[in-house]
Amino acid sequence: MNRKQSIADSALALFAERGYESTSTQLIAKAAGVSEALIFKHFGNKEKLLAFVIKEGYKRIVEHNRGMFQDKEPLDFIYTVIELPYKLVWEEPQFWELQYRLLDMEISMNQHQRFMQPLHAMLVKAFKDLKYEFPEKETELMLVFVEAFWKYLIAHRDDKKNKYLEMQQFFKSKYPAAK
């Protein structure tokens, strides 16, 4: 691992654990085993480091999950979307903890919206294909669920995983094959 990546990894862990405002570049440098000057050399400032961490996190998630929505039947696609928050939070808990802490920061909101944006049209199409009466409204409901569920998982992730899987199954039961 190179030093730039070590800095980014240390920043992610500290920002997720302590929050962005409560994490100094000096603390990040110590955790990464580098000088504080090296952080500024690679990133310019703490805000640009945060932007890098967020963008790289989404990039990593997209690459890791590439193709997960392709070639799916409409109902299978909907179920995959329902499973998405659980899958992502357990694969990248620090990243989603950071996102949870940064809900009101523009850089975080913008990257999250870019990440979620492609789902809207794909969900509308899936609900239309399944002959749902109000595919747009079903899509909005689904996207509200996805947003709420990942936040719920972060806030309560120390609880038993089975509880979340049960909630996921319950939500899936709301979407039978045809209307």
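Under a 3.5 Å cut-off, the side chain of K128 and the backbone N or O of E136 do not form any donor-acceptor pair.
A side-chain donor-acceptor contact under 3.5 Å links Q99 and Y58. Checked by atom type, the side-chain pair E138/Y175 shows a donor-acceptor distance below 3.5 Å.
Considering only residues two or more places apart in sequence or on other chains, E36 meets the side-chain hydrogen bond (donor to acceptor under 3.5 Å, both in side chains) condition with T25. Not counting sequence neighbours, the partners of R60 by the salt bridge (charged side-chain N to carboxylate O under 4.0 Å, His left out) test are E92. T23 is linked by a side-chain hydrogen bond (donor to acceptor under 3.5 Å, both in side chains) to nothing, counting only residues two or more places apart in sequence or in another chain. Under the side-chain hydrogen bond (donor to acceptor under 3.5 Å, both in side chains) criterion, E83 pairs with K172, not counting sequence neighbours. Qualifying side-chain hydrogen bond (donor to acceptor under 3.5 Å, both in side chains) partners for N45, counting only residues two or more places apart in sequence or in other chains: none.
Taking 4.5 Å as the limit, some side-chain heavy atom of E91 sits within range of a side-chain heavy atom of K87. The shortest side-chain heavy-atom distance between L84 and L119 falls under the 4.5 Å cut-off. Between Q111 and K59, every side-chain heavy-atom pair lies at or beyond the 4.5 Å cut-off. The shortest side-chain heavy-atom distance between F127 and T139 falls under the 4.5 Å cut-off. Between Q94 and F15 there is no side-chain heavy-atom pair separated by less than 4.5 Å. The side-chain heavy atoms of Y86 and M167, taken from C-beta on, include no pair separated by under 4.5 Å. Between I28 and V34, every side-chain heavy-atom pair lies at or beyond the 4.5 Å cut-off. The shortest side-chain heavy-atom distance between F52 and L12 does not fall under the 4.5 Å cut-off.
By the 6.0 Å contact criterion, CD on Q26 is open, its count of non-hydrogen atoms from other residues, nucleotides or ligands being 12 or less. Other residues, nucleotides and ligands contribute more than 12 heavy atoms inside 6.0 Å of the CD atom of E63.
Annotation: cation-pi geometry not satisfied between K151 and Y100 (NZ/CZ under 6.0 angstrom from ring centroid, within 45° of ring axis).
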message: Run the side chain to side chain contact (heavy atoms under 4.5 Å, CB included) test on V81 and F145 for me, step by step, so that the C-alpha distance in whole Å, both residues' side-chain angles and the decisive distance to 0.1 Å come before the verdict.
response: CA-CA 10 Å; V81 172; F145 167 80; over 6 Å; no

field: Verdict with supporting geometry, L153 and W96, side chain to side chain contact (heavy atoms under 4.5 Å, CB included)
entry: CA-CA 9 Å; L153 289 169; W96 291 104; over 6 Å; no

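In this structure, the separation between CD1 on I54 and CE on M105 is 6.5 Å, given to the nearest 0.5 Å.
For residues 17-33, the set of pairs meeting the salt bridge (charged side-chain N to carboxylate O under 4.0 Å, His left out) definition, not counting sequence neighbours, is empty.
L103 and I61 fall within the same hydrophobic cluster, where Ile, Leu, Val, Met, Phe, Trp and Tyr residues are linked whenever their side-chain heavy atoms come under 4.5 Å apart, directly or through other members.
Taking the six-membered ring where tryptophan is involved, the planes of W90 and Y164 are tilted, since the angle between them lies from 30° to 60°. Using bins of under 30°, 30° to 60° and over 60° for the plane-to-plane angle, the ring pair F115/H112 lands in the tilted bin.
Among K55, E47, K48, the one residue that satisfies the side-chain contact (heavy atoms from CB on, under 4.5 Å) test with I107 is K55.
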